[in-house]
Amino acid sequence: MKKIDVVVLASGNGSNFQALVDACKKPKYPAKIIALITNVSDSYARQRAKESEISSICVPSEHWKDRAAWESSILTTIQQYDPDLVCLAGFMKVLSPEFFKEWTKPVLNIHPSLLPEFKGLDAQKQALDAGVEYAGCTVHYVDEFLDGGEIIDQRKVKVAKRDTLKSLTLKILKQEHKLYPAVLKQVAKEILLKEI
Ligand code: GRF
């Protein structure tokens with residue numbers, strides 16, 4: 001079965017990376033993960049990649065004198081794998097307009113809010129502080145604007161009165177693990193259809 005090649009960029013725990021890895025293990029799933037790129041050498045995502053025998057490369061952001069040089073190294077690493085699509089999964093760096101001039105294939109991201117509400121860091125806290133009835137997560141195309149690209153799909157969760165930051169974060173994360181593989185499946189199918 002024909003599948004698209006995906007490179008995932010992650011910085012931390014990598015539970016969304018794991019959800020994508022697990023989905024890609026299904027024989028009829030239309031995507032396969034060919035590499036993980038991280039910017040944090042001890043991120044748990046790397047351990048997950050190792051356990052699933054996926055090659056992982058670290059381009060540590062802290063070792064580079066200037067941000068542009070670091071980003072150019074990330075770009076070169078992605079280009080070496082030449083994937084059809086890049087998935088950001090808890091990648092804690094914003095990619096610049098220069099990156100998107102060079103990399104024109106799709107880039108997806110998952111964000112823990114119902115975008116366009118609560119962009120940026122601590123989205124779950126922003127939702128709690130705003131006292132919203134519903135929070136959730138969004139998968140969107142990435143462009144040079146922070147959490148600003150076209151929205152593909154979202155999942156809602158109801159915020160309970162007793163929800164804490166921890167409980168709400170976990171509630172949203174559970175939905176993220178369903179949403180991201182579902183959206184990647186849909187986008188991968190669309191890419192494969194265009195290739196026919
Ligand atoms: C997730 O909440 C994701 O939406 C956000 O960063 C978090 C990453 O979690 N972009 P994990 O590393 O996938 O567990």
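This chain uses plain numbering: 1 for the first residue, then up along the sequence. As the structure is a prediction and not an experimental result, all values here were calculated from the model. Atoms within each ligand, like the ligands themselves, are counted from 1 in listed order.
- The closest protein non-hydrogen atom to atom 14 (O) of ligand 1 is Ser15 OG, 2.5 Å.
- Contact of the Val6 side chain with the Asp84 side chain is not registered, since no non-hydrogen atoms from C-beta on lie closer than 4.5 Å.
- Counting the atoms of ligand 1 from 1 in the order shown, those under 4.0 Å from a heavy atom of Ile110 are 3 (C), 4 (O), 5 (C), 10 (N).
- Annotation: Gly14 places an N or O atom under 3.5 Å from an N or O atom of ligand 1; distance criterion only.
- At least one N/O-N/O distance between Glu176 and ligand 1 falls below 3.5 Å.
- Tracing side-chain contacts under 4.5 Å through hydrophobic residues (I, L, V, M, F, W, Y), one reaches Leu192 starting from Tyr141; they form part of the same cluster.
- When side chains are defined from C-beta on, Gln79 counts as touching Trp103, because their heavy atoms get closer than 4.5 Å.
- In this structure, the protein non-hydrogen atom closest to atom 6 (O) of ligand 1 is Gly90 CA, 3.5 Å.
- Not close to ligand 1: Ala10, with no non-hydrogen atom less than 4.0 angstrom away.
- In this structure a side-chain-to-backbone donor-acceptor pair under 3.5 Å is present from Ser113 to Phe118.
- Atom 9 (O) of ligand 1 has Asn16 ND2, 3.9 Å as its closest protein atom, hydrogens excluded (heavy atom only).
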Using residues 26-34 as the side-chain source, report each donor-acceptor pair under 3.5 Å to any protein atom, sequence neighbours left out, with the distance given to one decimal.
unit_1	atom_1	unit_2	atom_2	d
Tyr29	OH	Pro181	O	2.5
Tyr29	OH	Lys185	N	3.3
Lys32	NZ	Asp5	OD1	3.0

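- The pair Glu190-Lys194 fails the salt-bridge criterion, with no side-chain N (NZ, NE, NH1 or NH2) lying under 4.0 Å from an Asp/Glu carboxylate O.
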